[in-house]
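One structure is given here, and the rest of the page talks about it.
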Number of protein chains: 4
Amino acid sequence: MSLGPRKTPKQGRARATYDAILEAAAHIIAGQGLAAFNTNAVAERAGVSIGSLYQYFPNKDSLMAALIQRQQEAQLATLQAAAEMIGSEKTLEKVVRSLVRAAMQHHRENDLLASAIDHEEARLPVDALLSSYLEKAGAVVEVMLERFQHEIPSIMPKVAARTLPALVRSVTDAWANLRPPQLEKAEEEAVRAVLGYLRIGGE
Amino acid sequence: MSLGPRKTPKQGRARATYDAILEAAAHIIAGQGLAAFNTNAVAERAGVSIGSLYQYFPNKDSLMAALIQRQQEAQLATLQAAAEMIGSEKTLEKVVRSLVRAAMQHHRENDLLASAIDHEEARLPVDALLSSYLEKAGAVVEVMLERFQHEIPSIMPKVAARTLPALVRSVTDAWANLRPPQLEKAEEEAVRAVLGYLRIGGE
Amino acid sequence: MSLGPRKTPKQGRARATYDAILEAAAHIIAGQGLAAFNTNAVAERAGVSIGSLYQYFPNKDSLMAALIQRQQEAQLATLQAAAEMIGSEKTLEKVVRSLVRAAMQHHRENDLLASAIDHEEARLPVDALLSSYLEKAGAVVEVMLERFQHEIPSIMPKVAARTLPALVRSVTDAWANLRPPQLEKAEEEAVRAVLGYLRIGGE
Amino acid sequence: MSLGPRKTPKQGRARATYDAILEAAAHIIAGQGLAAFNTNAVAERAGVSIGSLYQYFPNKDSLMAALIQRQQEAQLATLQAAAEMIGSEKTLEKVVRSLVRAAMQHHRENDLLASAIDHEEARLPVDALLSSYLEKAGAVVEVMLERFQHEIPSIMPKVAARTLPALVRSVTDAWANLRPPQLEKAEEEAVRAVLGYLRIGGE
DNA sequence: AATGAATGAGAATTCATTCAT
DNA sequence: AATGAATGAATTCTCATTCAT
């Protein structure tokens with residue numbers, strides 16, 4: 001079963017349809033979880049016919065694969081935006097805090113989507129996709145951290161790029177899922193964990 | 001819709017059937033993911049009729065809930081076993097490494113199951129279950145860390161006890177879910193993250 | 001894709017369901033052709049739920065395969081009945097005519113079913129089925145012709161046994177599939193072809 | 001619903017498109033059977049847009065009808081070619097053998113297509129088409145056989161034109177579908193059947 | 001004339017659940 | 001208690017056809 005998209009639309013109308021479908025899929029999973037993710041619901045939410053969905057995605061799994069790719073691209077974009085915004089920050093801690101805030105926002109709004117993607121990444125043969133993402137994310141993190149090489153000499157950026165998001169996510173989850181959510185505590189703990197992780201190399 | 005099991009048999013043949021069903025469910029999710037998890041397949045794999053499955057579980061979600069609880073209990077048991085075995089360890093790092101290994105044991109070849117449970121915990125109303133598990137796991141971790149108060153003075157054990165299990169779990173996931181799984185890397189990174197998190201308080 | 005039935009029902013209720021489904025499938029194809037043959041229509045006509053149909057047949061093709069087998073068995077039964085009834089016929093021509101009539105009986109009002117089965121036999125991997133049928137039909141024909149060895153000396157019964165059923169079938173089809181079906185013409189032509197084929201050896 | 005083509009282009013690019021569509025349809029049915037025959041697949045294989053297909057054929061059935069006609073014309077052409085090539089043959093047997101060879105080649109390569117057309121001829125209202133074809137084929141056969149009138153006095157050419165191809169086809173199938181295919185045997189048996197059929201009138 | 005995006009009815013198939021035995 | 005046949009709503013996916021460009 002092919003996981004690639006059926007056709008990759010170049011022009012206006014088609015591109016809009018393609019995007020609307022992915023957006024709808026993300027919205028449904030984020031709001032109701034994998035169990036509510038079905039192609040009819042996606043098409044309806046996207047405001048297109050079910051036939052149109054299958055013009056672009058040969059099957060449900062290929063839609064999921066495209067969604068995974070889209071999330072990785074979004075993640076990457078967020079990361080790059082953060083990288084640019086904090087270009088002038090002086091201290092590692094402030095850089096890390098910005099990173100954590102960016103990641104937190106992303107994950108808080110997409111709890112179910114993130115875990116769904118985790119699961120589906122493990123189920124579907126999307127290894128190449130994943131590697132490519134890690135490569136790129138690693139490059140961005142590398143740039144962000146290189147100014148602080150003296151503080152964190154032993155970090156390998158590509159490795160850190162995989163560990164850091166997971167770390168932020170789990171610590172965030174642990175505190176944000178409480179009732180009431182303890183968001184400040186979440187941020188503190190996440191910053192603490194990341195800094196600790198980064199600095200330990202210098203021990 | 002009730003999530004509790006219809007009846008929780010304590011012994012005998014009924015208990016064996018109940019366990020076989022849960023075992024079958026775990027096996028299917030671990031092998032093929034959430035998408036392949038359906039009651040007919042579970043019953044067949046368990047070697048019981050579909051009718052029998054519904055004798056013990058009023059619906060599919062209750063089966064998932066029981067599976068979550070089962071995994072938590074197994075996790076806890078592993079943790080406690082680890083706690084006992086490392087009672088004599090002298091260094092914090094060795095304790096942490098043992099902890100991480102215990103956590104990872106459940107993810108070896110079970111990445112799909114672990115991520116499925118992650119996802120379903122967020123979807124199903126199993127807060128109480130989750131809190132109770134975190135409470136207990138936290139208590140165990142707390143005891144383990146008590147002896148090293150001098151090394152990690154700024155850590156509040158109860159807070160750490162909540163953050164740590166989540167942290168170990170997610171970092172492990174991040175590396176174990178790759179194909180092929182990078183289990184050694186996972187262990188290194190998890191140990192590094194935990195130690196960093198713990199020690200930073202002393203800066 | 002498996003072509004075998006999913007389960008072969010042994011007991012009353014299940015057997016009746018299985019048969020009703022095959023009967024309905026035959027009825028629909030015979031009446032409206034392959035284009036009208038769909039699983040929903042078959043289930044409805046059979047008076048069972050669509051789910052029940054899929055309990056017994058894993059997919060549409062397996063239903064078709066079962067139908068092919070059923071038709072072959074019916075054909076064979078008719079042939080054998082004919083063989084018994086004409087045990088006392090004196091002339092070769094009368095024997096041949098009985099044979100032809102037996103073969104034609106299945107095509108009366110079943111032209112669409114017969115041509116559908118022809119087509120599907122060529123499309124589906126049912127070689128084994130077909131060979132087995134030809135073998136059995138051949139054996140019956142062989143017995144029928146044995147008595148006339150002196151009239152058709154150059155015929156090798158085993159060879160004739162393979163050629164004849166095919167010959168009768170196709171000539172019948174050619175004339176019975178017209179609209180309106182020319183059944184008398186079909187019989188004449190089939191008899192003529194068979195007799196001609198058999199006797200030519202003596203030229 | 002009209003079965004005639006929307007327009008029957010006589011020349012130029014339009015004619016080429018029209019032919020490409022029919023050719024694609026034939027190719028798909030011959031290769032994968034009626035079940036794989038759909039307008040989108042035909043358009044793609046023909047290298048034209050689905051819109052263009054509907055410029056020439058108002059609906060799917062009209063495409064099938066045109067295909068039936070095309071096959072009849074091809075059959076006729078083959079027949080006529082054979083008729084010319086064997087103009088000088090002296091014996092009936094050699095004429096028949098040439099005919100059989102021509103028919104065999106045609107049918108062996110188009111097994112699925114031939115049976116599909118059989119089925120669709122029975123389903124669609126194409127009686128007029130069929131009659132017209134039989135008329136013409138009958139004329140050709142008549143010419144071929146008239147030199148041998150003394151050998152086969154009772155044959156009606158129009159009748160023979162319908163019976164003969166069916167006869168050749170089925171005998172061919174019966175022997176060519178074996179493993180390994182017995183093509184020489186197929187030819188022998190077909191010639192024998194045809195000669196027998198033709199000569200019996202003289203009995 | 002041609003294109004191809006879009007449609008949506010409908011066909012194939014699945015699966016949670018019930019219930020008669 | 002257990003069975004497994006049966007159900008049918010829900011889901012995936014197809015394909016004939018239309019129509020704006």
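Just so it is clear: chains get the letters A, B, ... in the order the sequence lines come, proteins before strands, and each one is counted from 1.
- Note on Ser49(B): every side-chain N or O is 4.0 Å or more away from OP1 and OP2 of dG4(F).
- dC13(F) atom C1' lies 15 Å from atom CG of Asn38(C), rounded to whole Å.
- Taking atom OH on Tyr56(C) and atom P on dG4(F), their separation rounds to 12 Å, with Å as the unit.
- Between Val48(C) and Ser52(B), the one whose closest nucleotide on DNA chain F sits nearer the 5' end is Ser52(B).
- One can place CG of Asn59(C) at 15 Å from P of dC13(F), the figure rounded to the nearest angstrom.
- Comparing Thr17(B) and Pro58(D) against DNA chain F, the residue whose closest nucleotide sits nearer the 5' end is Thr17(B).
- Leu53(A) comes within contact range of no nucleotide atom at all, as no heavy-atom separation falls under 4.0 Å.
- Taking the side chain of Lys60(A) as heavy atoms from C-beta on, and the options dA5(E), dT13(E), dT12(F), the nearest nucleotide is dT12(F).
- The existence of a salt bridge linking Glu23(C) and Arg45(C) is excluded, since no basic side-chain nitrogen approaches an acidic carboxylate oxygen closer than 4.0 Å.
- Side chain of His119(C) to backbone of Leu34(D): a donor-acceptor contact under 3.5 angstrom is found.
- As rounded to the nearest Å, dA1(E) and dT21(F) have C1' atoms that lie 13 Å from one another.
- Checked options Gln75(D), Gln71(D), Gln69(D); the residue passing with Glu73(D) is Gln69(D) (criterion: side-chain contact (heavy atoms from CB on, under 4.5 Å)).
- With a cut-off of 3.5 Å on both Watson-Crick or G-U wobble distances, the partner of dA12(E) is given as dT11(F).
- The distance between atom CZ of Phe57(C) and atom P of dT14(E), rounded to the nearest whole Å, is 15 Å.
- Taking atom OH of residue Tyr54(B) and atom P of nucleotide dA20(E), one finds them 18 Å apart after rounding to whole Å.
- Two residues, Gly51(D) and Asn40(A), neighbour DNA chain E, and the one matched to the more 5' nucleotide by heavy-atom proximity is Gly51(D).
- Nucleotide dT21(E) forms a Watson-Crick or G-U wobble pair with dA2(F), both donor-acceptor distances falling under 3.5 Å.
- If you check distances only, the side chain of Gln55(A) does reach the base of dA6(E) with a donor-acceptor pair under 3.5 Å.
- dA6(E) atom C1' lies 18 Å from atom CZ of Arg15(A), rounded to whole Å.
- Regarding Ile50(A), its CD1 atom lies at a distance of 21 Å from the P atom of dT17(F), rounded to whole Å.
- The distance between atom CD of Glu44(B) and atom P of dA16(E), rounded to the nearest whole Å, is 13 Å.
- Searching all strands for a Watson-Crick or G-U wobble partner of dT7(E) with both distances below 3.5 Å returns dA16(F).
- One finds a salt bridge joining Glu120(C) and Arg123(C) here, because a Lys/Arg side-chain nitrogen approaches an Asp/Glu carboxylate oxygen to under 4.0 Å.
- Ring-plane geometry between Tyr18(B) and Tyr56(B) is classed as perpendicular, the angle between the planes exceeding 60 degrees on a 0 to 90 degree scale with a lower cut at 30.
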